[in-house]
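Computed from a predicted structure; not experimentally measured. The basis for the numbers below is simple: all heavy atoms, side chains too, and nothing from hydrogens, waters or symmetry mates.
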Amino acid sequence: MLRSVVLALVALTLAGGLAVGSARALAAVTPAGQHSAAARRRPRGRRAEHSLRSALRVARRDLAAPSGTVLVVRGVLKPARPGARVRLIARAGRAWRTVGYARTRRSGHFGIRYRLHGTGESAIRVAFAGSRFARPASALAGSIMVLTPAVASWYDDAGSTACGFHARYGIASRTLPCGTHVTLSYGGRTVVATVDDRGPYIYGRTFDLNQNTAGYLGMWGVARVYSCVSA
């Protein structure tokens with residue numbers, strides 16, 4: 001009887017030693033943290049969608065309109081997702097600032113409304129900041145030129161000019177340097193004219209347009225035009 005008990009104890013001791021040895025051997029073969037790192041790398045459920053690339057498609061346009069005009073910049077975000085927030089950003093010096101935003105429809109299409117204000121010209125982009133399941137994206141949308149009202153007249157510049165040259169679409173200004181480009185809009189038509197003369201010297205008038213510029217715009221006499229000095 002005593003012998004049977006001793007043999008049973010020896011068997012249990014050997015089995016326990018083998019189990020401990022196997023565990024130690026497995027720990028030596030498998031580096032610490034390997035299983036946890038693999039678990040972290042394994043995509044689970046919707047988190048795998050982090051790898052989705054986003055793309056913005058916007059028709060690039062160079063827009064010119066008077067201050068106060070409401071413009072709409074349209075485009076589509078792919079892959080399509082409803083309710084995604086897209087922003088219209090405009091360049092201000094070296095930085096970009098948000099000037100409008102919209103939410104995408106189920107198809108991914110959007111339209112961002114923006115009321116023009118201020119003066120000058122700036123590049124514009126459409127940007128998507130990304131989400132938990134999609135990467136950020138942006139696309140150049142063109143430029144916006146804000147036009148301001150000015151009173152203009154016209155004249156025939158058949159003679160010499162103060163700047164020493166004749167531009168095809170010429171314009172006279174009292175203050176702008178010779179060669180400056182000025183965008184003019186009147187009656188639904190727009191032209192870029194070049195300062196090549198001085199004038200007008202009548203109070204209340206800002207520009208004198210040569211016959212070509214006035215003819216292109218269809219403006220004769222004295223009228224209010226919209227203008228912007230190009231960069």
Side-chain angles (χ1 to χ4, degrees), residues 58-74 87-100 112-126 138-231:
V58 183
R60 181 173 175 177
R61 300 170 59 195
D62 294 321
L63 308 171
S67 179
T69 303
V70 176
L71 300 177
V72 181
V73 177
R74 303 185 186 278
R87 298 179 298 133
L88 179 66
I89 56 177
R91 191 174 186 89
R94 295 184 178 181
W96 294 83
R97 62 185 180 91
T98 301
V99 296
I112 307 176
R113 297 172 62 86
Y114 170 53
R115 184 179 297 275
L116 300 181
H117 59 85
T119 58
E121 182 180 12
S122 62
I124 55 173
R125 300 184 68 91
V126 175
S138 68
L140 186 64
S143 64
I144 291 178
M145 180 179 291
V146 184
L147 306 175
T148 56
V151 177
S153 53
W154 78 280
Y155 74 111
D156 192 326
D157 68 347
S160 61
T161 64
C163 294
F165 66 93
H166 284 85
R168 179 179 181 184
Y169 294 111
I171 186 173
S173 168
R174 295 188 302 274
T175 57
L176 294 176
C178 294
T180 300
H181 297 297
V182 180
T183 300
L184 299 168
S185 179
Y186 176 82
R189 306 196 72 178
T190 302
V191 67
V192 179
T194 304
V195 175
D196 64 355
D197 208 351
R198 291 293 175 231
Y201 297 104
I202 298 177
Y203 178 79
R205 300 183 188 180
T206 307
F207 300 115
D208 251 347
L209 316 184
N210 74 3
Q211 66 278 9
N212 294 333
T213 306
Y216 183 89
L217 295 175
M219 190 216 83
W220 305 107
V222 179
R224 184 175 72 168
V225 300
Y226 289 91
S227 66
C228 178
V229 178
S230 303

Are the side chain of [X] and the backbone N or O of [Y] linked by a donor-acceptor pair below 3.5 Å?
| X | Y | answer |
| --- | --- | --- |
| Gln211 | Trp154 | no |
| His181 | Val192 | no |
| Arg115 | Gly68 | yes |

Separation of [Y] [atom2] from [X] [atom1] (nearest 0.5 Å):
| X | Y | atom1 | atom2 | answer |
| --- | --- | --- | --- | --- |
| Ile144 | Arg91 | CD1 | CZ | 14.5 Å |
| Leu184 | Tyr226 | CG | OH | 13.0 Å |
| Asn212 | Asp156 | CG | CG | 9.0 Å |
| Ile89 | Arg97 | CD1 | CZ | 11.0 Å |
| Glu121 | Leu63 | CD | CG | 10.5 Å |
| Arg205 | Ser173 | CZ | OG | 14.5 Å |

Of all heavy-atom pairs between [X] and [Y], which one has the smallest distance, and what is that distance?
| X | Y | result |
| --- | --- | --- |
| Asn210 | Tyr169 | ND2-C, 4.0 Å |
| Arg198 | Ala162 | CG-CB, 3.6 Å |
| Phe207 | Ser227 | CE1-OG, 3.6 Å |
| Asp196 | Tyr155 | OD1-OH, 4.3 Å |
| Ala141 | Val126 | CB-CG2, 4.2 Å |
| Ser122 | Ala90 | OG-CB, 4.0 Å |

message = Test side-chain contact (heavy atoms from CB on, under 4.5 Å) on Asp208 and Asp197; report intermediate values, then the result.
response = CA-CA 9 Å; Asp208 251 347; Asp197 208 351; over 6 Å; no
Would you check if [X] and [Y] make a side-chain contact, meaning some heavy-atom pair closer than 4.5 Å?
| X | Y | value |
| --- | --- | --- |
| Met145 | Asp62 | no |
| His117 | Val146 | no |
| Ile171 | Thr213 | no |

inquiry  = Heavy-atom count check: over 12 atoms from other residues, nucleotides or ligands less than 6.0 Å from Arg174 CZ?
reply    =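 Above 12, so yes.
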message = How about CZ on Arg125, more than 12 heavy atoms from neighbouring residues, nucleotides or ligands closer than 6.0 Å, or not?
response =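 Yes.
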message = So if I apply the side-chain contact (heavy atoms from CB on, under 4.5 Å) rule between Leu88 and each of Val72, Thr98, Val99, Leu71, which one comes out positive?
response =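 The passing option is Val99.
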